[in-house]
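Below is one structure, written out as C-alpha cells, with a few remarks after it.
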Amino acid sequence: MNMLTEAAVERKLDTMDEQPAIKMRGENVTVHYGDTQALFDVNLDVPEKQVIALIGPSGCGKSTFLRCLNRMNDTIDICRVGGKITLDDENIYDPRIDVVELRARVGMVFQKPNPFPKSIFENVAYGPRIHGLASAKSDLDGIVETSLQKAGLWNEVKDRLHAPGTGLSGGQQQRLCIARAIAVSPEVILMDEPCSALDPIATAKIEELIDELRENYTIVIVTHSMQQAARVSQRTAMFHLGNLVEEGPTDKMFTNPEEKRTQDYITGRFG
Amino acid sequence: MTDLTATPDGAAVGSKSGSLFERGARTRRRHAAERRFRMIGLAAVIFAILALVGLLGSILSNGLSSFRQTYVVLDVYLDPAKLDKTGDRDPAELQKLTTFSYAPLLKTAMETLIEEKGISVDGASSKDVDAIISKEAAATLRHFVLANPSSIGETVKFDLLASGRIDGYYKGRVTMETAELDRNVSPQQLMLADELKAAGALTTRFNLSFFTAPDASDTRPEAAGLGVAILGSIYMMLVVLVLSLPIAVAASIYLEEFAPKNRLTDIIEVNISNLAAVPSIVFGILGLAVFINFAGLPQSAPIVGGLVLTLMTLPTIIIATRAALKAVPPSIREAALGVGASKMQATFHHVLPLAVPGILTGTIIGLAQALGETAPLLLIGMVAFVREFPAAPPGGFFDPASALPVQVYNWTQRGDPAFVERASGAIIVLLVFLVIMNGLAIVLRRRFERRW
C-alpha cells in the first residue's frame, strides 16, 4: 500500500528531523449544524510550512474542520463552532477578531474552480486591491505576475491577461484560484479537495505546485485520494464520523497506522 | 443489479422474441398517448394564436385610421378690422378676443374658396358649409395669431381639421345612408366634401397631432390627441423608475444577502409575494387616502400616480431581483469571501453585477405593468379632462395630467363613434410602448448576460 517513491520518502524523512513550529492549533473544536453535531472535540495542530492532509470518508467532518480555520462557516447561519482555534496563538474566534483580516492571512482554494467571471488579471488583482496591498498600478502588475508565476500559470496566460478567467481549462482555472489566494500573501492556504474536478494531468500539476508552495506557505488540504495525501503531505489527519481518529507523519500513517479504522480506510476496506 | 436484468437462463425478463419492426400493444398505447398529448398542446397553441390575431386584428382595424386625419386646406385672410380694431397689435387686446371672433374669418374663407373653385353648393345651407370645418379650427387660428401677431392683415394658408363626421366619411365610418339619419351631418355636406376633395382643398394625411395634441371635448373628436396622456405616462414612469428601482434593489439585497433567515424575514418574504397579488385598485384607494387626503398632494398629478404605481411595482421588482441574486452561484460569494472581501464587497463587486440582467428585466417588466395600469389612477383623479400640458419636470410632476390607459378608458366612455377609433388608436400606441419596453428588456438581458 505504500505509494511513495524512494525520493519522496527521503524528502519526508528530511522534513521530519526538524520540529516545525505550530502555525494553527485546534483545541476541543466542536461544530453543530443546527441540532446535528458535525465535529466532536477535535484537537489538531497545523505545523508551519508543511502540508497537512485531512482524509476520511465523506461526511466525516474534514471539510467542516477546514472551513473553521478561516471562519468560512460563519456564512452558514445555523452553524455554531465551539472550542478554540488559534493562529499564531491568537484565538480566531475571539469577538475582537475581524474575519476580513483573518481571511487575508488564511486563504482558501475551493473544490470546484470558481474564478470570478472577470479577466485573469482582475481575478488575481482583486484581493490585493481590496486590501490596499498595491499603491500603484505597477505594484499591482507585479503582484499579479508573481502570483501567477508562483501558481505556475504565468507562461500559459501572460499573453492574454485580459481574457476572461472562466475561459481557461479546469486545471488552469484552479491554478488561477490558487494564484488569487496567493496574491494577498496569506500565511496559510486551505485547499478543499482542489483536484476533485480535474483530470490526472491537471491534478499532477497542482500537486507539484502544492509541493513548491510548501516552502513559503502552510497548507492544509482536504482530499479523498489516498495517493494524493501520500504524495503531497508531510502529515496526515484521519477523520471519521466527526472525530479525529489519528494524526501523524504521512509515511507512518500509510505504513504503520495506530488505529484499525485508519488501516481499514487507507486500504480501501470502507469509505 | 436490478432485478429486471438477471434471470436464470440469462435472458432479460420482458424481452420479446419477435421482430423489432413489429410494435407491441404497449408500445402502440404509449405512442397513441404521446400523439394525443401533442395534439392537445398544438390545439392550445393554435387557439392562443388565433385569439391574439383576432384581438390585434380588431384593434388595428378600428384604430389604424386614427393615425390619418382629414384636413381642409384653406387660405384665410386675417382681417384686421375683425381682429385688431385699434391697429396696435397689443397682445393683451388680442388675448381678449375669443374664438368666437375668428369664426367669421373662416366663414368668409370658405365662401371665397367655393366661389373661386366654382364648386356647386347644391342644396347645402351656409351652416352646412361651415360645419365641414371642425369647431377646433377657430382655436387653431387664434393660436396662430397670438403666436404671430404680425400676420394680421395677411392671407395665410392653413390646414384646418375637417369635422369628425367628414373625417369619418373618408374612413368609411359615415356613409350617405347613415348621414340621412344623422343629425350632425347631411348627405349634401358629404357631396360638398367630395367636391372639395376633387378640387384639392380636402386632404387626408398622417395625423401627427394625435400624438402631440391634448384631449378635446365630446363634440370635437377630430381634435382629440394623446399628448397630455403620453407626457403624463412618461412622467409617472420616471417617478416609478427613480423610486422603485433603488428601494427594491436595496430591499432585495438586504433580504437576500444580509438578513438573518428567521421567522420575521420569512413573514416579510411571504408578504412581499402577497403584495404582488393585491388588486391594483386597492393601491388606488391607499394612494387616495395617504397621498392626497393625508399628505395633501394635488389630485390628477403624475407624482401621485407615480407613487401609487411605485407601491404596485415594488413587489414585482423585489421578487425579480431576489430571484436574480439567488441565481448567482454561491461559489462566487465564497470566492470573494475567501480572499478576504467583506460581505458588502462580495455583494457589490461580484454578486450584484452578475444579477444586473435579471434586475433590469424585472424592472422593465414591472414598469411595463405599471404603464398599462388603469384602476388605481381612476381613484386619484387622473381621469379628469386635462387640456393643459404639465410643465417641465420637476414642477410638472405636480400639474394635472392624464395617462395612456386612462385616456383609453376615458374615450371609450364618450358618445361620438369617432372616439372608438381614437381609443383603439390609443391602445395601439400603448401596445407599441409596451413592445418597445419588453424589447428593451430582452436586448439588455442579452447584452449583459454573462456565463460563469
Side-chain angles (χ1 to χ4, degrees), chain A residues 34 66-67 69-78 98-119 122-133 147 164-167 173-174 176-186 189-192 197, chain B residues 251-270 321-361 444-452:
Chain A
L66 187 79
R67 293 169 64 94
L69 295 179
N70 71 344
R71 293 184 56 177
M72 278 307 271
N73 281 335
D74 287 14
T75 57
I76 303 164
D77 276 339
I78 54 167
D98 188 331
V99 283
V100 168
E101 297 293 325
L102 171 69
R103 287 182 196 145
R105 288 172 62 182
V106 184
M108 188 152 188
V109 176
F110 297 86
Q111 184 171 2
K112 223 179 109 217
N114 57 352
F116 300 128
K118 302 188 172 184
S119 72
E122 281 302 316
N123 262 285
V124 184
Y126 181 70
R129 200 173 275 152
I130 58 170
H131 293 295
L133 297 184
S147 307
T166 39
Q173 286 191 17
Q174 195 61 295
L176 178 62
C177 292
I178 292 173
R180 181 175 67 190
I182 294 171
V184 291
S185 326
I189 302 176
L190 311 178
M191 299 188 175
D192 192 356
Chain B
S252 318
I253 291 178
Y254 177 73
L255 285 174
E256 201 55 49
E257 304 287 332
F258 293 95
K261 304 274 174 286
N262 57 27
R263 231 189 146 75
L264 182 67
T265 46
D266 278 353
I267 292 173
I268 291 174
E269 193 170 342
V270 168
T321 305
R322 292 191 66 179
L325 289 172
K326 248 189 209 126
V328 176
S331 66
I332 297 289
R333 291 179 185 83
E334 286 194 329
L337 295 176
V339 293
S342 68
K343 207 156 184 177
M344 189 155 152
Q345 285 171 327
T347 304
F348 282 87
H349 295 169
H350 299 289
V351 179
L352 198 56
L354 291 174
V356 160
I359 295 173
L360 284 180
T361 314
L444 286 176
R445 184 163 205 121
R446 288 266 165 80
R447 162 103 20 119
F448 288 112
E449 203 156 54
R450 270 182 281 192
R451 296 175 182 282
W452 48 77

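Just so you know, these numbers come straight off a predicted model, no measurement behind them. What you see below is based on every heavy atom in this structure, not just the backbone, and it leaves out hydrogens, waters and symmetry mates. Note on naming: letters A, B, ... go to the chains in the order of the sequence lines (proteins, then strands), and numbering restarts at 1 for each one.
- Heavy atoms only, all atoms of each residue included: Tyr126(A) and Ala341(B) are closest at OH-CB, 3.8 Å.
- Contact tally against chain A (heavy-atom pairs below 4.5 Å) for Ala335(B), Pro260(B), Gly338(B): the top residue is Ala335(B).
- With rounding to the nearest 0.5 angstrom, the NE2 atom of His349(B) is 10.5 Å from the CZ atom of Phe116(A).
- Here Ile130(A) contributes atom CD1 and Ser342(B) contributes atom OG; the two are 7.0 Å apart, rounded to the nearest 0.5 Å.
- The contact between Arg67(A) and chain B is made entirely by side chain atoms (from C-beta outward), counting heavy-atom distances below 4.5 Å.
- Of the residues considered (Gln345(B), Lys261(B), His350(B)), His350(B) shows the highest number of contacts with chain A, using heavy-atom pairs under 4.5 Å.
- Of the residues listed (Met108(A), Met72(A), Lys112(A)), the one engaging Glu334(B) in a side-chain contact (heavy atoms from CB on, under 4.5 Å) is Met72(A), and it is the only one.
- Put simply, the side chain of Ile332(B) reaches to within 4.5 Å of the side chain of Pro117(A), judged on heavy atoms.
- Contact record, Val184(A) with Val339(B): CG1-O, 4.1 Å, taken as the closest heavy-atom pair.
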